[in-house]
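FYI, side chains are in, hydrogens and waters are out, and symmetry mates aren't considered; it's all heavy atoms of this structure. Lettering of chains follows the sequences in order, A, B, ..., and the numbering in each one begins at 1.
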There are 2 protein chains.
Amino acid sequence: MAARDQQRAPTIHDVAARCGVAASTVSRAFSRPERVNAATRQRILDTAEQMGYQPNPIARALPSGRTRTLGLLVPDITNPFFLDLIRGAERAAATAGYTLVLADTEESSDTETTVVDRLAGAVDGFVLASSRLSDSRLRAAYARKPLVVVNRRVPPVPGVLIDSAQGTRQAVEHLASLGHRRIAYLAGPRASWSDARRWRALQTVARRRGLHAVRIGPLAPTVDAGVAGADAVLLEDVTAVVTFNDLLAIGVLRRLRARGIDVPHQISVVGCDDIFGADFCHPPLTTLTAPIEAAGRTAVDQLLGLLDNSAAPRRDIVLPTRLTIRDSTSEAPTRLRQEVTG
Amino acid sequence: MAARDQQRAPTIHDVAARCGVAASTVSRAFSRPERVNAATRQRILDTAEQMGYQPNPIARALPSGRTRTLGLLVPDITNPFFLDLIRGAERAAATAGYTLVLADTEESSDTETTVVDRLAGAVDGFVLASSRLSDSRLRAAYARKPLVVVNRRVPPVPGVLIDSAQGTRQAVEHLASLGHRRIAYLAGPRASWSDARRWRALQTVARRRGLHAVRIGPLAPTVDAGVAGADAVLLEDVTAVVTFNDLLAIGVLRRLRARGIDVPHQISVVGCDDIFGADFCHPPLTTLTAPIEAAGRTAVDQLLGLLDNSAAPRRDIVLPTRLTIRDSTSEAPTRLRQEVTG
DNA sequence: GCAACTATGGCAACCGGTTGCCAAACCTTG
DNA sequence: CAAGGTTTGGCAACCGGTTGCCATAGTTGC
């Protein structure tokens, strides 16, 4: 079976020859029906069908400069958070007849730059999720190509933001009403916009409710980091932990369990995102449910809007989170010291 | 900020003009360094660098017919199994300097055909994971384009197979040694190659060990189907369930828990794949660990091998699974009837 | 019956690279 | 110094479509 003999795909010229017309007529039969006689057109369409003609997207893209392809860059495919994001983006792209190119930037700003440069000529625009690029580099990229960022705020680059501030408020009030007085926040990556937002929201509500809040981190947004973070939490005199994301929370649950600490009765844990698994880990995780798939979808829709620049001057789109209460939170233990510090 | 003014990217001609050479010389400066004077070449490279020239991948692909892009089609992005597969494929593609196009075929053979047709001109080859295409359609596609299938055996199309037969044998022997005599198999989709393999392996070992095995299904490979399947399991007089995949197993765990049935002491559960979450569900799942990411990587490597048809006539690559014992299996309950039937 | 208009299809340039072929310039060598 | 060989760079065709412009034929109106 040596060399595979790819039979060359029929081109517009093959169809034209078979029909006895010019290639341009065949082209128009597809793209400008009104410019060609109905009978001729039908004949061309029939022959094309019969020959199995498929327009070559590459050749089509060259003159027009439009590939009907979108690039989605994520810092780490490994993270299930991005699974939902990819899913939403893929759905939206497919619906619009666009193709999605997926790339992992490996949490590296340099890799991200390289990939953007390499792909720039091959896609009509980018969705950069949790970009590690600096603001200025993002703006520079935006000047070259249509671009939407997810979970970054870099005007004038349009962004889709999952805002956990509101959800965080709910989470802290939930904890407060359960009698918790001292809580820890397990922070995410230093550069994360979401992390900053969440910590600020948490602090604000904690102050208003008279709770004491300590920040631990920054940490990588992974299960392993959560395992390590749990030990740090135990050094603090707290009865509840709020984590940057569910991966961290799951790591915390695992470690606390290994150390024989009962969740939620000794320590309550609140995650963020409600990723796959948050509902069946042990105990099922109280978490901030984030519309991740919607974010992916929205980002692509925004990008498509940018592409036909018909669209009005756009602003960031903020999607809210909400608290989902499961079994990893309960009343604060009474046996621990709980003097209110302020 | 009305219409975005995309500054046109510099082309080979712009660089050529700036250097006072012909475009072809610039092209050769990149692709055939030995065909151009070292000094000239350096001058060109410098100007290109300074002008921010990036070769246009589309234009490059047109004459060569090679896009350095691979298409990965999965039946359902929602399934975390494919997350690992995507990850492996993306890594392998990136390593080889290839770009990955991702598409969801929505479990539909027609969608899959459409997507393959649409993408055929834009990619150098396909990886079809758990394809829903018929054998003949797969062979037809293979005649048109380099192609690798995952978890399908359709000679002469090269395949990467995660073979759970060996692992299934281990799983059944594990259950047998724990005293289980009657086990149920929760089957996956009807068209699944893996499902057929597993059921056959399970039956064979069961017979040899004098166990009774019943098959329940076919079922969709989802958590919800597992929830429903659990009830069917309870109608059978069994002490253990082996499921087609972890999603089903997680559904079973959830349902049994809801019905107050203790896993593993009343019923043992064995999953398959060891997806994200299998280690932290409750109880942590005994499962067949499948090298999913390796499968994605291998499939892409196979495909790349096909592309420089240097490669020798290739055969299917079979990757083994192995049993990972966690806490969802234990000794068979003694209070249940256990007469050996057979 | 002729001018003016419309419908239809072909020609050729173009998108941005790649590459076969040729020619000029330079280098060897006897 | 001439003959032959080697370097080096330019020209032009090509990949497979799209599209502006023109020509022809057919239609309409007066």
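With hydrogens and angles left out, the side-chain atoms of B:Asp76 and B:Thr78 include a donor and acceptor closer than 3.5 Å. Between the side chains of A:Arg41 and A:Thr25, no donor-acceptor pair of N or O atoms lies under 3.5 Å. Remark: the B:Gln50 side chain and the B:Asp46 side chain contain no N/O donor-acceptor pair separated by less than 3.5 Å.
Smallest separation of non-hydrogen atoms from B:Ala299 and B:Val150: CB-CG2, 3.7 Å. Here the shortest heavy-atom pairing between B:Thr69 and B:Tyr98 reads N-CD2, 3.7 Å.
Nearest nucleotide to the side chain of B:Arg35, out of D:dT19, D:dG9, C:dG9: D:dG9.
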## Note on the structure
In B/S/- notation (B base, S sugar-phosphate only, - none; protein heavy atoms under 4.0 Å), nucleotides 12-17 of chain D written 5' to 3' is B--BBB
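Positionally, the nearest nucleotide of DNA chain D for B:Gly20 lies more toward the 5' end than for the other of B:Gly20 and A:Ser31. Taking the nucleotide of DNA chain C with the nearest heavy atom to each of A:Val36 and B:Val26, the more 5' of the two is matched to A:Val36.
Ion pair B:Glu293/B:Arg87 flagged as a salt bridge, since at least one NZ, NE, NH1 or NH2 atom sits closer than 4.0 Å to an Asp/Glu carboxylate oxygen.
As a whole-Å value, the separation of B:Asn37 CG from D:dG10 P is 11 Å.
An OP1 or OP2 oxygen of D:dG9 is reached within less than 4.0 angstrom by no side-chain nitrogen or oxygen of B:Arg28.
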